[in-house]
Amino acid sequence: MNKSIIATEHLSKRYGAFEALRDISLAVPQGSIYGLIGDNGAGKTTLFRILAGQHFPSKGNVFLLGQTGKELSIARSRMGFLIEKPVFFPNMTVEQNMRYYAIQKGIPQDKQAVTLLETVGLSEKRKEKASALSLGQKQRLGLAIALLGDPQVLVLDEPINGLDPSGIIEFRQLLHRLNQERNITILISSHILSELQQIATHYAFISKGELLESISAEALHQKCSNSIEMTLSDLASYTFLLEQRDADEQFTVFANQRLVIYHPRHRPEFYSKLAAEHQIYISSLRTLEMKLEDYYMSLKEGRK
């Protein structure tokens, strides 16, 4: 999974004086499930709209399936997009909606529309009007439409937002099957970070239009599986001492004199002794296994 199937270089987007994206450079490996994490207004949907060709960047470059410039339209024809809420014709049946979008995409009228409804678990609803579907079923129909034309990549913007717990589990399992059985690369955003943590192979954290970090799930697990959080009276002096004592330590400095050491190389007693030897007071020290939500919040705090 070294080849990037989606990439951006120094991508920025302005709407008048408002900068929605600022210098975003990321690379989505082929075959991955790439989770994009950010609050409302962070810039996720703007990024997805640029990838889909709905908006144009103010600066920077986009690469899709190895193509850029005028060739992007060709690459997008081999991708499926589900951005914000899917749009249907409410008085048309589920199957009619599928056939309509197949025509829009220039896909021959064969059995693919019906087959895809089976794939997403909507075959029993094919003769019902789209207006009668539940929220979860509408999301499934949106996914089925995005799968028309056998795309190599799916770009999904908050597809599980608003679903009930069983709907979330079913949708997650469906995405995992598409990735594993069809080798479809998936770029997905979600507010439900605990769900992303169960399927994503890579992550990108975005806040206020800036990319905070991109990281593999394996590297993230190493950072979060075992960490030490400390609050100290003299954080600057302590970090200097820590770097002198062990240059391989990985840590992040936060506001309010707080330090988090990721995957610590020593027992907690080592870190408390180092502070005591240099008259640095520790007001709190604890070991923790950080959740994805906590890690995202720590990244945001680190940028303040």
Side-chain angles (χ1 to χ4, degrees), residues 8 10-12 18-27 34-44 47 189-194 196-198 200-304:
T8 65
H10 307 294
L11 193 71
S12 297
F18 175 66
E19 194 170 24
L21 296 175
R22 186 181 309 112
D23 198 33
I24 300 289
S25 295
L26 58 82
Y34 198 102
L36 184 63
I37 296 169
D39 297 333
N40 286 332
K44 304 186 302 297
L47 175 60
S189 68
S190 177
H191 283 115
I192 307 174
L193 305 190
S194 59
L196 280 187
Q197 201 162 14
Q198 296 189 56
T201 61
H202 296 74
Y203 301 94
F205 300 90
I206 186 171
S207 178
K208 298 180 180 178
E210 291 189 77
L211 182 66
L212 303 180
E213 184 179 47
S214 56
I215 188 171
S216 70
E218 181 180 1
L220 181 63
H221 176 71
Q222 289 182 347
K223 279 191 172 185
C224 295
S225 61
N226 181 21
S227 59
I228 293 177
E229 181 186 74
M230 306 173 67
T231 305
L232 303 123
S233 61
D234 189 347
L235 184 57
S237 296
Y238 187 84
T239 54
F240 176 75
L241 292 167
L242 187 59
E243 288 175 334
Q244 280 193 321
R245 191 67 62 91
D246 194 334
D248 293 328
E249 288 282 16
Q250 299 179 39
F251 60 86
T252 302
V253 173
F254 299 103
N256 302 319
Q257 299 294 304
R258 189 165 66 90
L259 173 75
V260 175
I261 303 169
Y262 303 109
H263 210 54
R265 295 163 52 82
H266 308 280
R267 294 178 61 83
E269 292 82 357
F270 168 88
Y271 303 100
S272 59
K273 182 180 179 182
L274 179 63
E277 287 174 347
H278 295 85
Q279 291 77 52
I280 298 172
Y281 176 68
I282 300 176
S283 57
S284 68
L285 186 153
R286 59 174 180 161
T287 59
L288 65 157
E289 183 170 338
M290 202 177 274
K291 295 180 180 179
L292 188 56
E293 292 92 338
D294 298 329
Y295 186 78
Y296 172 57
M297 293 305 296
S298 71
L299 286 176
K300 288 177 62 180
E301 285 184 32
R303 286 297 180 97
K304 288 182 180 179

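Positions are given from 1 along the sequence. Predicted model only: the values in this text are computed from it and were never measured.
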TODO: Starting at CD1 of Ile24, measure out to CG of Leu211 and round the result to the nearest 0.5 Å.
DONE: 5.0 Å

TODO: Using the ring of Phe270 (Phe, Tyr or Trp, six-membered ring only), decide whether Arg267 places NZ or CZ under 6.0 Å from its centre and within 45 degrees of its axis.
DONE: no

Open item on the list: Has Ser283 got a side-chain atom pairing as donor or acceptor with Thr231's backbone, closer than 3.5 angstrom?
Closed with: yes

TODO: Return yes if some donor-acceptor pair links the side-chain N/O of Thr8 with the main-chain N/O of Leu11 below 3.5 Å, else return no.
DONE: no

Task: Donor-acceptor contact present, side-chain Asp246 to main-chain Asp248, <3.5 Å - done: yes

Task: Heavy-atom pair with the smallest gap, counting every atom of Gly35 and Ala200 - done: N-CB, 4.2 Å

Open item on the list: Less than 4.0 angstrom from a charged side-chain N to a carboxylate O is my criterion; do Asp39 and Lys300 meet it?
Closed with: yes

- [ ] With rounding to the nearest 0.5 Å, note down the distance linking CG in Leu259 to CE in Met230.
- [x] 6.5 Å

Task: Nearest heavy-atom neighbours spanning Leu285 and Pro268 - done: CD2-CB, 4.1 Å

TODO: Heavy atoms only: give me the nearest His266-Tyr271 pair and the separation to one decimal.
DONE: N-OH, 3.2 Å

Open item on the list: For a side chain to side chain contact (heavy atoms under 4.5 Å, CB included) check, start with the C-alpha distance between Ile215 and Phe205, then their side-chain angles and the critical distance, and finish with the verdict.
Closed with: CA-CA 9 Å; Ile215 188 171; Phe205 300 90; 3.9 Å; yes

Open item on the list: Just so I know, are the side chains of Ile261 and Thr252 near enough to count as touching, which here means a heavy-atom distance under 4.5 Å?
Closed with: no

Open item on the list: Is any side-chain heavy atom of Ser214 closer than 4.5 Å to one of His202?
Closed with: no

Open item on the list: Tell me whether Glu269 at atom CD has more than 12 heavy atoms from other residues, nucleotides or ligands lying less than 6.0 Å away.
Closed with: yes

Open item on the list: Looking at Gln250 and Tyr262, would you say the former's side chain and the latter's main chain have a donor-acceptor pair under 3.5 Å?
Closed with: no

Task: Tyr296 ring center within less than 6.0 Å of Tyr203 ring center - done: no

Open item on the list: I'd like to know whether Gln257 forms a side chain to side chain contact (heavy atoms under 4.5 Å, CB included) with Ser233, so could you lay out the CA-CA distance, the side-chain angles of the two residues, the decisive distance to 0.1 Å, and finally the verdict.
Closed with: CA-CA 7 Å; Gln257 299 294 304; Ser233 61; over 6 Å; no

Open item on the list: Under a 3.5 Å distance rule, please check whether Ser237 uses its side chain to pair with a backbone N or O of Asp234 as donor and acceptor.
Closed with: no

Task: From OG (Ser207) to CG (Leu299), nearest 0.5 Å - done: 9.5 Å

Task: Euclidean distance, Thr201 OG1 relative to Leu220 CG, rounded to 0.5 Å - done: 11.5 Å

- [ ] Give, for atom CD1 of Ile37 and atom CG of Leu212, the distance between the pair rounded to the nearest 0.5 Å.
- [x] 10.5 Å

Side chains of residues 273-281: which donor-acceptor partners sit under 3.5 Å, not counting sequence neighbours?
unit_1: His278; atom_1: ND1; unit_2: Leu274; atom_2: O; d: 3.1

Task: Glu229/Arg258 ion pair, N-O < 4.0 Å - done: yes

- [ ] Check whether any side-chain heavy atom of Tyr238 sits under 4.5 Å from a side-chain heavy atom of Phe251, and report yes or no.
- [x] no

Open item on the list: Are Ser227 and Thr287 packed together at the side-chain level, in the sense that at least one heavy-atom pair is separated by less than 4.5 angstrom?
Closed with: no

Open item on the list: Using a 3.5 Å distance criterion without hydrogens, assess whether the side chain of Lys208 forms a donor-acceptor pair with backbone atoms of Ala42.
Closed with: no

Task: From OG (Ser12) to CG (Leu21), nearest 0.5 Å - done: 7.5 Å

- [ ] Might you work through the side chain to side chain donor-acceptor pair (under 3.5 Å) test for Tyr295 and Gln197, ending with a clear yes or no?
- [x] CA-CA 12 Å; Tyr295 186 78; Gln197 201 162 14; over 6 Å; no

Task: Closest non-hydrogen atom pair, Gly38 against Lys44 - done: O-NZ, 2.8 Å

